[in-house]
Amino acid sequence: MAQKKRQARETDTKKRRIIPAKGRTDNFPVSRKRLPTPQAVEEEASDLVYGRHPVIAALESDRQLNRIWIVPKLRYDSRFLSLLQDAKAKGTVIDEVDSSRLDRITHGANHQGIAAQIAPHAYIELADLIERAKATTPEPVIVIADGITDPHNLGAIIRTAEAFGAQGLVIPQRRAAGITSTVMKVAAGALEHFPVARVVNLTRALEELKQAGFWIYGTAAGSGKPLHSIKWHGAIGLVIGSEGEGLSLLTQRSCDELVTIPLAGKTPSLNASVSAAIALYEIYRQRWSDKLYLSKPESVFSDTSQKEGKEV
């Protein structure tokens, strides 16, 4: 019975499953565990509030919080318990840490056992992002960042994606940079016109995109189809892997297809934001070329009609 179920599952998913890439993926090697870099933590600290009263005020306000660091003895304190539960339900990551970790995060400030990172950007729900993208164009492009921890890289990806006409971005809540003030600065105003969804589970988000009609492409180094050989038609989800680690194995398995950027030099891989820029430009280039090709016969026909009219 188990064998029959396995065979049926493999038949149903045959068209969507891919063989995981060997070695380096998404321009970087695969790693089982992904943690924020010290730089990412330091960058996020620029949006910190700390101390019991300031954090309570932030929790009671309408502002979105990316993350809260709290010592265990305060985690279930009556002053914080319900507020933390509400914040978690809204997507805030709650991390129990010791005082020494909070000392490092706040650079030795008087944190009183709690600190919070205020999100300078309002996220939207994934369902709303999909609906908005499909309402904008019949062939939307949504970028998915698989654990990008460097805020500069994330900001560069956002700036490029908006410039090339993508409809939005999906980022995971954990082990990834959120939309901090640094990200907004690097994005150079692109976030004013570019929605971002933050999800708890990236794999489920990819499945939701598939159900909405998106074909999921994952960027990989030397293990997928050449980027220029893909026909970039229809609704597209483009997954970009993290710095130094690439796509996780689980994300690879969730992709419909892996694509690679052919390289001619001895450098084995590219920066995540550079890979994203090249892939997004190829999508834009193909679609722009298609529009020119489709409009050309129209203009030729128009010119021919005018000439025939003059002869008559």
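Bear in mind the structure is a predicted one, so any value in this text is a computation, not a measurement. When reading the values below, keep in mind they use all heavy atoms of this one structure, side chains included, and skip hydrogens, waters and symmetry mates.
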Intermediate values then yes/no, side-chain contact (heavy atoms from CB on, under 4.5 Å), Tyr217 and Ile230: CA-CA 10 Å; Tyr217 294 92; Ile230 302 294; 3.7 Å; yes
Steps toward side-chain contact (heavy atoms from CB on, under 4.5 Å) verdict (Met184, Ile179): CA-CA 7 Å; Met184 297 184 75; Ile179 306 300; 3.9 Å; yes
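- Between Tyr284 and Tyr281, the ring planes lie tilted relative to each other; the angle falls in the 30° to 60° range.
- When Leu84, Leu102, Asp77 are each tested for a side-chain contact (heavy atoms from CB on, under 4.5 Å) with Ile70, only one passes: Leu84.
- Counting heavy atoms of neighbouring residues, nucleotides and ligands inside a 6.0 Å radius, atom CZ of Phe164 exceeds 12 of them.
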Step-by-step side-chain contact (heavy atoms from CB on, under 4.5 Å) determination, Asn66 to Val93: CA-CA 6 Å; Asn66 280 344; Val93 177; over 6 Å; no
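- Atom OG of Ser275 sits about 4.5 Å away from atom CD1 of Ile261, to the nearest 0.5 Å.
- Of all non-hydrogen atoms in Ala116 and Leu65, the two that sit nearest each other are CB-CD1, 4.3 Å.
- Defined by atom type and a distance below 3.5 Å, a donor-acceptor pair is present between the side-chain atoms of Glu282 and Gln286.
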Residue pair Glu207, Arg204: steps toward the salt bridge (charged side-chain N to carboxylate O under 4.0 Å, His left out) verdict: CA-CA 5 Å; Glu207 290 302 318; Arg204 283 203 296 265; over 6 Å; no
Steps toward side-chain contact (heavy atoms from CB on, under 4.5 Å) verdict (Thr149, Ser242): CA-CA 7 Å; Thr149 58; Ser242 67; 5.7 Å; no
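- A donor-acceptor contact under 3.5 angstrom links the side chains of Thr251 and Ser248, judged on distance only.
- Annotation: the span from Ile240 atom CD1 to Ser273 atom OG amounts to 9.5 Å, rounded to 0.5 Å.
- To the nearest 0.5 Å, atom CZ of residue Arg198 and atom CZ of residue Arg174 are 10.0 Å apart.
- Residue Pro195 is tested with Glu125, Arg132, Glu162 for a side-chain contact (heavy atoms from CB on, under 4.5 Å); the sole match is Arg132.
- The distance from atom CZ of Phe214 to atom CG of Leu238, rounded to the nearest 0.5 Å, is 12.0 Å.
- Residues Arg104 and Asp98 are not paired through a salt bridge, judged by the lack of any N-O separation under 4.0 Å between the basic side chain and the carboxylate.
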